[in-house]
Amino acid sequence: QVQLVESGGGLVQAGGSLRLSCAASGRTFSNYAMGWFRQAPGKEREFVTSISRSGGNTRYADSVKGRFTISRDNAKNTVYLQMTSLKPEDTAIYYCAAQPAAALSTFYVPIRANNYDYWGQGTQVTVSS
């Protein structure tokens, strides 16, 4: 089992930037594909981005392409989400998720929430207009 703790959320003006971090503990971090999801009030949880266990492959939701960047540091057991050009519609709770992938391709990047076995508690991101 792996434990995930997100940090870095906060209040930012439109056009600003934030970097979220997700620290993992408990198992070999490099065996997990990682993802970020978000949930706005009254809406379903939606996929934002994911990264393969090697870091060599990534996927992004169309709504964040060109603005958000996912990365990971397997030596630090951490995955990051760099968010730039933030918009009010990016306001949501952002969740980090992990999917065991040791037996799968190093390029495997799951994008569905039900692909992921482990979730963090979330961090609030609020973008003011």
Side-chain angles (χ1 to χ4, degrees):
Q1 189 166 349
V2 62
Q3 292 78 42
L4 305 172
V5 178
E6 302 96 334
S7 61
L11 174 64
V12 64
Q13 289 188 333
S17 300
L18 279 176
R19 188 176 83 154
L20 305 184
S21 300
C22 173
S25 62
R27 289 295 178 99
T28 305
F29 182 65
S30 59
N31 285 342
Y32 291 81
M34 301 297 295
W36 287 96
F37 290 75
R38 66 187 181 186
Q39 187 166 17
K43 295 188 177 182
E44 294 186 353
R45 190 171 298 190
E46 66 172 359
F47 169 75
V48 177
T49 180
S50 58
I51 189 167
S52 61
R53 58 186 177 93
S54 68
N57 197 17
T58 57
R59 295 281 297 274
Y60 293 91
D62 288 342
S63 59
V64 307
K65 277 182 183 176
R67 300 189 299 122
F68 290 11
T69 303
I70 189 171
S71 62
R72 67 189 296 162
D73 185 337
N74 286 346
K76 294 183 178 180
N77 290 357
T78 302
V79 62
Y80 304 97
L81 179 61
Q82 179 68 49
M83 305 185 292
T84 63
S85 301
L86 282 161
K87 305 174 181 179
E89 50 264 43
D90 294 319
T91 295
I93 299 174
Y94 283 71
Y95 297 91
C96 172
Q99 168 63 23
L104 302 174
S105 166
T106 58
F107 298 104
Y108 172 62
V109 276
I111 64 171
R112 295 187 177 88
N114 60 10
N115 290 145
Y116 289 86
D117 290 347
Y118 304 103
W119 293 83
Q121 81 290 349
T123 185
Q124 177 71 48
V125 171
T126 303
V127 184
S128 63
S129 57

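One is the number of the first residue; the rest follow in order along the sequence. Computed from a predicted structure; not experimentally measured. Both backbone and side-chain heavy atoms feed into the values below; hydrogens, waters and symmetry mates do not.
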How far apart are the C-alpha atoms of I111 and S50, what are their side-chain angles, what is the distance that settles it, and do they pass the side chain to side chain contact (heavy atoms under 4.5 Å, CB included) test?
-> CA-CA 7 Å; I111 64 171; S50 58; 4.0 Å; yes
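- To the nearest 0.5 Å, atom CG of residue N77 and atom OG1 of residue T28 are 8.5 Å apart.
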Please tabulate, one pair per line, all N/O donor-acceptor pairs under 3.5 Å involving side-chain atoms of residues 79-102, not counting sequence neighbours.
unit_1, atom_1, unit_2, atom_2, d
T84, OG1, R67, O, 2.7
D90, OD1, R38, NH1, 2.9
D90, OD1, R67, NH2, 3.0
D90, OD2, R67, NH1, 2.7
D90, OD2, R67, NH2, 3.4
D90, OD2, K87, N, 2.8
T91, OG1, P88, O, 2.9
T91, OG1, V127, N, 2.9
T91, OG1, V127, O, 3.4
Y94, OH, R38, NH1, 2.9
Y94, OH, D90, O, 2.6

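- Residues F37 and V2 are members of separate hydrophobic clusters, defined by side-chain heavy-atom contacts under 4.5 angstrom among Ile, Leu, Val, Met, Phe, Trp and Tyr.
- Q13 has its side chain within reach of S128: a pair of non-hydrogen atoms, C-beta onward, lies under 4.5 Å apart.
- Separation of atoms OG1 (T69) and CZ (R19) is listed at 11.5 Å; rounding is to 0.5 Å.
- In terms of heavy-atom proximity, S105 sits nearest to R53 at O-NE, 4.0 Å.
- Without hydrogens or angle criteria, S54 side chain to T106 main chain gives a donor-acceptor distance under 3.5 Å.
- Among all heavy-atom pairs drawn from L4 and A24, the shortest one is CD2-CB, 3.7 Å.
- Partners of N74 under the side-chain hydrogen bond (donor to acceptor under 3.5 Å, both in side chains) rule, at least two apart in sequence or in another chain, are R72.
- Summarising the geometry of Q39 relative to K43, their closest heavy-atom pair is NE2-O, 3.1 Å, with the distance given to 0.1 Å.
- Between T58 atom OG1 and F68 atom CZ the span is 14.0 Å, to the nearest 0.5 Å.
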Output a table of donor-acceptor pairs, distance under 3.5 Å, between side-chain atoms of residues 115-122 and any protein atom two or more places apart or on a different chain; print 'none' if there are none.
unit_1, atom_1, unit_2, atom_2, d
N115, OD1, R112, N, 3.2
Y116, OH, P110, O, 2.7
Q121, NE2, E6, O, 3.4
Q121, NE2, E6, OE1, 3.4

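- Residue V125 is grouped with residue V64 when hydrophobic side chains (ILVMFWY) are merged at heavy-atom distances under 4.5 angstrom, including chains of intermediate members.
- A continuous path of ILVMFWY side-chain contacts below 4.5 Å connects W36 to F29, so both sit in one hydrophobic cluster.
- A single hydrophobic cluster is seen to contain both Y60 and I51, as judged by linkage of ILVMFWY side chains at heavy-atom distances under 4.5 Å, directly or through other members.
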